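Computed from a prediction, not measured in an experiment: that's the story for all the values here.
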Amino acid sequence: NLDKKTLMLLTLKGRFNYWLIRRINAEHYFNTHALEESEKYLPQFNLITQKLSETQKILESVLERKLTDRETSIGFEI
């Protein structure tokens, strides 16, 4: 039986991983496509980075610490 904080952390870690994967995929797309072709996706990329940043701030607040470089680059094992 998971307590509220554990459940919240699992949800936040999953959300962080989701947005991190989206950002990594978007960066790959921008690095492998011409600017003219990819610039139409900049608003979506901005939204992804905003959501990732928001989720990171909430996670850090619940964890009461900053995320490590490893966590911000590869996410969480859930």
Side-chain angles (χ1 to χ4, degrees):
N1 201 1
L2 299 174
D3 64 46
K4 238 179 180 176
K5 185 174 180 179
T6 304
L7 201 53
M8 183 188 298
L9 279 172
L10 279 172
T11 302
L12 288 167
K13 287 176 178 180
R15 188 176 301 159
F16 183 84
N17 286 353
Y18 171 80
W19 291 115
L20 181 62
I21 290 165
R22 295 273 316 263
R23 194 200 70 205
I24 290 167
N25 288 340
E27 287 174 350
H28 175 74
Y29 179 86
F30 286 119
N31 288 331
T32 56
H33 291 75
L35 181 61
E36 308 78 49
E37 191 181 338
S38 58
E39 67 184 346
K40 65 184 173 193
Y41 295 113
L42 280 173
Q44 287 93 322
F45 180 72
N46 290 337
L47 176 68
I48 290 166
T49 56
Q50 178 186 341
K51 293 291 187 182
L52 183 62
S53 177
E54 288 170 5
T55 306
Q56 180 174 341
K57 285 179 184 148
I58 297 167
L59 246 176
E60 289 176 340
S61 174
V62 174
L63 289 169
E64 299 177 343
R65 66 170 175 82
K66 294 281 185 199
L67 298 189
T68 65
D69 289 343
R70 180 180 169 83
E71 290 165 342
T72 59
S73 61
I74 65 169
F76 292 91
E77 204 173 297
I78 298 176

Contacts of type side-chain contact (heavy atoms from CB on, under 4.5 Å), residue Thr11, not counting sequence neighbours: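 Thr11: side-chain contact (heavy atoms from CB on, under 4.5 Å) contacts with Arg15.
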
Asn31 CG to His28 NE2 distance, which is reported to the nearest 0.5 Å: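 Asn31 CG to His28 NE2: 8.0 Å, rounded to 0.5 Å.
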
Between OG on residue Ser73 and CD1 on residue Ile24, distance to nearest 0.5 Å: 8.0 Å

ILVMFWY cluster, [X] and [Y] together (side-chain gap under 4.5 Å):
X: Ile21; Y: Phe76; value: no
X: Leu63; Y: Leu20; value: yes
X: Tyr18; Y: Leu59; value: yes
X: Leu42; Y: Tyr29; value: yes

Test side chain to side chain donor-acceptor pair (under 3.5 Å) applied to Tyr41 - qualifying residues, sequence neighbours left out: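 Not a single residue meets the side chain to side chain donor-acceptor pair (under 3.5 Å) criterion with Tyr41.
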
Donor-acceptor contact below 3.5 Å, side chain Ser53 vs main chain Thr49: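 No, because the side chain of Ser53 does not come within donor-acceptor range (under 3.5 Å) of the backbone of Thr49.
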
For Glu39, all residues meeting salt bridge (Lys or Arg N to Asp or Glu O under 4.0 Å), sequence neighbours excluded: none

Minimum heavy-atom separation for [X] to [Y], with atom names?
X: Gly75; Y: Phe16; value: CA-CE2, 4.2 Å
X: Phe45; Y: Ala26; value: CD1-CB, 3.5 Å
X: Ile48; Y: Trp19; value: CG2-O, 3.7 Å

Under 3.5 Å, which donor-acceptor pairs link side chains of residues 2-10 to any protein atom two or more places apart or in another chain?
| from | atom 1 | to | atom 2 | distance (Å) |
| --- | --- | --- | --- | --- |
| Asp3 | OD1 | Lys5 | N | 3.1 |
| Asp3 | OD1 | Thr6 | N | 2.8 |
| Asp3 | OD1 | Thr6 | OG1 | 2.9 |
| Asp3 | OD2 | Thr6 | OG1 | 3.4 |
| Lys5 | NZ | Val62 | O | 3.4 |

Where at least one partner belongs to residues 57-67, residue pairs that pass salt bridge (charged side-chain N to carboxylate O under 4.0 Å, His left out), sequence neighbours excluded: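 Counting only pairs at least two positions apart or across chains, the salt bridge (charged side-chain N to carboxylate O under 4.0 Å, His left out) contacts touching residues 57-67 are Glu60-Lys66, Arg65-Glu71.
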
Within residues 27-36 or reaching into it, pairs that qualify as salt bridge (charged side-chain N to carboxylate O under 4.0 Å, His left out) - sequence neighbours excluded: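 Residue pairs passing salt bridge (charged side-chain N to carboxylate O under 4.0 Å, His left out), neighbours aside: Arg23-Glu27.
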
